[in-house]
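For the single chain, residues carry numbers from 1 onward in sequence order. Since this is a predicted model, take the numbers as computed values, not measurements.
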Amino acid sequence: MCGIVGYVGDKQAAGMLIEGLTKLEYRGYDSAGIAVRNKENPAEVVKTIGKIKNLIEKTDNGKAVKGNCGIGHTRWATHGAPSQINAHPHVSGNCTNSGSGPVESEVVGVHNGIIENFQELKAKLERHNYKFYSQTDTEVLIKLVDYYYKKYNIGPIDALAKTIVRVRGSYALAVMFKDIPEKIFVARKDSPMIIGVNKNETFIASDVPAILNHTRNVYYIGNLEMAELSAGEAVFYNLDGDVITKELTEINWDAEAAEKGGFEHFMMKEIHEQPKAVEDTLHKYVKEDKKIDLSEVGIKEEEIKSFEGIHFVACGSAWHVGMQAKYVFEDLADIPVSVSLASEFRYSKAKLNTKDLVVIISQSGETADSLAALRIAKEKGLKTLAIVNVIGSSIAREADYVMYTVAGPEISVATTKAYSCQLVATFLLALEFGRIRSGLEEYETYIDELNSLPEKINKTLEDKERIQWFAAKYANAKDVFFIGRGIDYAIGLEGSLKMKEISYIHSEGYAAGELKHGTISLIEDGTLVIGLLTQSDLYEKTLSNMLECKSRGAYLMGVTAYGKYDVEDSVNFSVYVPKVDEHFIGSLAIVPLQLLGYYISVSKGLDVDKPRNLAKSVTVE
């Protein structure tokens with residue numbers, strides 16, 4: 001959600017900023033802007049609404065804006081409608097009606113996050129004769145920095161420190177000062193920000209892909225920390241203004257992995273990357289002797305034995321991972337499991353058992369509600385384990401234990417390979433918990449089944465032409481219902497989300513047994529009902545529920561395992577996935593649902609990778 005970039009070095013900054021913003025388009029945005037300066041001249045601001053291509057045209061791909069130091073931003077509107085005046089960067093003084101042009105103001109800056117007390121701060125600044133031109137909380141933040149900088153006649157770091165102790169909310173903030181050329185100053189709380197360096201250049205970014213073409217050496221700036229950035233150098237400070245030492249981290253991602261690689265969309269590329277991503281995640285933890293090694297996670301066997309329950313806490317697709325993991329854990333590990341939406345967990349008043357484990361699942365490791373839930377769990381004395389994809393992310397740093405997935409960069413807003421890797425991570429945890437807590441006689445057999453998943457996902461992808469044909473047939477559907485029981489219910493929830501977020505078709509995932517409790521009244525002629533039929537003990541019950549829909553005019557699609565060909569006697573269209581242990585078959589059954597959502601979106605001519613109103617990483621509440 002939103003994107004920040006910054007550059008100071010020996011090259012022209014504008015082109016570098018536009019390149020970085022382009023790499024962050026997947027995060028979701030409605031406007032874009034840059035501010036660039038050099039040693040001799042004040043900053044020049046250029047802002048546009050809509051796509052980054054408008055910014056490229058307005059600046060001749062950055063060539064029309066000169067300077068070696070600059071900041072850039074893609075905005076996803078929160079305070080104030082999408083408009084050029086509300087777009088970032090913002091300035092501490094007045095500006096033109098368009099918000100673009102040379103800046104005579106003392107401070108110019110960009111910001112991700114939400115300033116919760118901006119109205120209170122705005123009133124304070126208005127009493128000190130500050131005028132406001134936008135509806136944004138960011139303009140308030142920039143003018144607050146200016147206020148402390150001038151009032152106390154202090155340096156930028158001290159001005160930032162005084163600012164952030166007055167602010168409630170989240171922020172990744174980057175500012176330039178008129179009288180301090182060739183330097184950028186940053187501060188962070190809860191919103192993601194990384195600092196990249198090489199010999200003559202320093203970069204700022206909200207996410208790794210923005211800088212991978214230029215450096216793999218990054219610093220992760222912590223909460224309530226600040227930094228002073230110049231060409232090839234980053235100096236970090238705490239709130240007291242003391243210099244602090246940061247460890248440089250090398251990013252191992254392949255820069256080409258963030259490119260489309262011949263696919264029309266990132267989503268389709270990432271669907272096809274699932275076998276490799278799942279295989280890499282398995283190989284990270286499963287050793288040649290068919291034993292799972294969680295030493296890197298940091299959790300000990302005696303701790304696993306001591307837990308009395310598990311709480312999975314997540315948002316969106318990660319919550320669906322937790323839903324599926326609940327069934328697997330309770331069967332294989334014989335431990336009570338609850339699953340909560342992070343946005344609900346953080347406000348729940350329920351008492352928690354301090355002997356339970358809270359598992360936070362997040363691709364980015366920066367999801368605002370999940371991060372807040374983690375902190376609440378820790379405050380209440382519970383141990384926390386994070387399943388994340390981004391090394392050094394906030395959730396990874398703050399959790400007691402961390403299990404990294406190896407999905408690589410995921411660009412499409414609709415998650416596919418990150419979801420699949422999270423799912424496999426929970427399977428590995430369930431097996432290890434089961435082995436340690438109860439022996440789990442079939443442990444090695446289960447390992448063999450997990451190791452077979454990459455090849456079987458590849459096999460599932462071979463059916464994509466049939467799914468493409470079916471998607472074209474149902475591209476104009478108004479309502480789609482996904483039904484299943486147990487693990488199949490959890491798979492259906494994720495399939496439904498894929499459908500609605502990229503095709504804009506209303507869809508819902510339901511527990512099949514609940515149909516008669518109201519939902520079946522929505523079924524009419526031509527309604528598409530997709531039944532998940534992968535669980536042998538629930539197969540007949542779910543199929544019966546599907547037939548109840550068919551008798552009311554529904555068109556049925558069934559997803560089941562090879563060999564269950566009798567389903568064709570009941571459904572109108574069937575999709576088969578390879579056989580695998582039914583605890584883990586969700587890794588296969590989700591693939592045709594991902595493809596279905598993708599192909600329907602393509603058939604409708606929609607923007608698959610950047611669906612309307614959505615952002616990749618939800619870093620605000």
Side-chain angles (χ1 to χ4, degrees), residues 3-13 15-27 68-72 74 112 172 174 184 186 188 191-222 225 227-236 244-261 266 269-270 273 276-277 279-281 283-284 296 362-366 388-397 402-412 417-418 421 616-617:
I4 280 182
V5 294
Y7 175 82
V8 53
D10 54 6
K11 297 183 178 69
Q12 290 296 310
M16 304 291 278
L17 297 175
I18 289 173
E19 177 191 336
L21 291 176
T22 301
K23 301 289 186 183
L24 296 178
E25 281 193 290
Y26 65 91
R27 294 177 67 86
N68 302 105
C69 181
I71 51 180
T74 50
N112 284 353
I184 303 172
V186 301
R188 176 187 175 273
S191 287
M193 176 184 282
I194 58 171
I195 311 297
V197 294
N198 62 28
K199 185 176 180 181
N200 300 310
E201 301 170 300
T202 300
F203 304 84
I204 307 165
S206 300
D207 205 354
V208 171
I211 63 174
L212 265 185
N213 285 339
H214 302 284
T215 184
R216 294 178 178 278
N217 299 314
V218 303
Y219 294 103
Y220 292 99
I221 181 170
E225 292 179 353
E228 177 181 345
L229 311 178
S230 52
E233 184 179 11
V235 181
F236 295 88
I244 55 178
T245 302
K246 286 282 178 185
E247 182 179 344
L248 200 62
T249 300
E250 183 178 0
I251 300 297
N252 294 319
W253 286 0
D254 181 356
E256 293 182 2
E259 304 300 332
K260 290 182 183 176
F266 280 112
K269 172 178 176 282
E270 288 158 6
E273 287 176 339
K276 181 65 163 59
E279 182 178 44
D280 289 345
T281 300
H283 285 175
K284 184 176 178 65
E296 187 178 308
S362 167
Q363 188 281 138
S364 67
E366 303 290 350
V388 297
N389 191 46
V390 180
I391 296 172
S393 54
S394 297
I395 290 173
R397 290 198 304 272
V402 185
M403 188 173 192
Y404 285 113
T405 56
V406 194
E410 187 177 66
I411 306 303
S412 179
K417 63 176 182 172
C421 288
K616 180 64 175 172
S617 179

[X] vs [Y] side-chain heavy atoms within contact, under 4.5 Å:
X    : Y    : value
L248 : Y219 : yes
Q363 : E410 : yes
I195 : V218 : no
I184 : I204 : yes
V5   : F203 : no
S230 : T202 : no

Roughly how far apart are [X] [atom1] and [Y] [atom2], rounded to 0.5 Å?
X    : Y    : atom1 : atom2 : answer
I391 : T405 : CD1   : OG1   : 9.5 Å
I194 : S206 : CD1   : OG    : 8.5 Å
N198 : N217 : CG    : CG    : 8.0 Å
L21  : K23  : CG    : NZ    : 12.0 Å
L17  : C69  : CG    : SG    : 9.0 Å
E279 : K276 : CD    : NZ    : 6.5 Å

Could you tell me which non-hydrogen atom of [X] sits nearest to which non-hydrogen atom of [Y], and how far apart they are?
X    : Y    : value
Y220 : R397 : CB-NH1, 3.7 Å
N213 : E19  : ND2-OE2, 3.5 Å
P409 : E270 : O-OE2, 4.2 Å
G196 : I211 : CA-CD1, 4.0 Å
I411 : P209 : CD1-CG, 4.1 Å
V388 : A396 : CG2-CB, 3.8 Å

Answer yes when [X] and [Y] have at least one side-chain N-carboxylate O distance shorter than 4.0 Å, and no when they do not.
X    : Y    : value
E201 : K11  : yes
R216 : E250 : no
E273 : K269 : yes

Is the side chain of K417 donor-acceptor paired with the backbone N or O of V406 at a distance under 3.5 Å, no angle test? no
Short side-chain to backbone donor-acceptor contact, N389 and G408, under 3.5 Å: yes
Audit row: E228, E233, side-chain contact (heavy atoms from CB on, under 4.5 Å) steps and yes/no: CA-CA 8 Å; E228 177 181 345; E233 184 179 11; over 6 Å; no
Take E296 and M403 through the test side-chain contact (heavy atoms from CB on, under 4.5 Å) and record every step on the way to the result. CA-CA 8 Å; E296 187 178 308; M403 188 173 192; over 6 Å; no
Taking atom types as modelled and ignoring hydrogens, do the side chains of E366 and S394 form a donor-acceptor contact shorter than 3.5 angstrom? yes
Using the side-chain contact (heavy atoms from CB on, under 4.5 Å) criterion, which residues pair with A172? Sequence neighbours excluded. I4, N112, S191, M193
For A227, which residues count as a side-chain contact (heavy atoms from CB on, under 4.5 Å) partner, sequence neighbours excluded? V186, I221, L229, F236
side-chain contact (heavy atoms from CB on, under 4.5 Å) for I251 and L212? Distances and angles first, verdict last. CA-CA 8 Å; I251 300 297; L212 265 185; 3.8 Å; yes
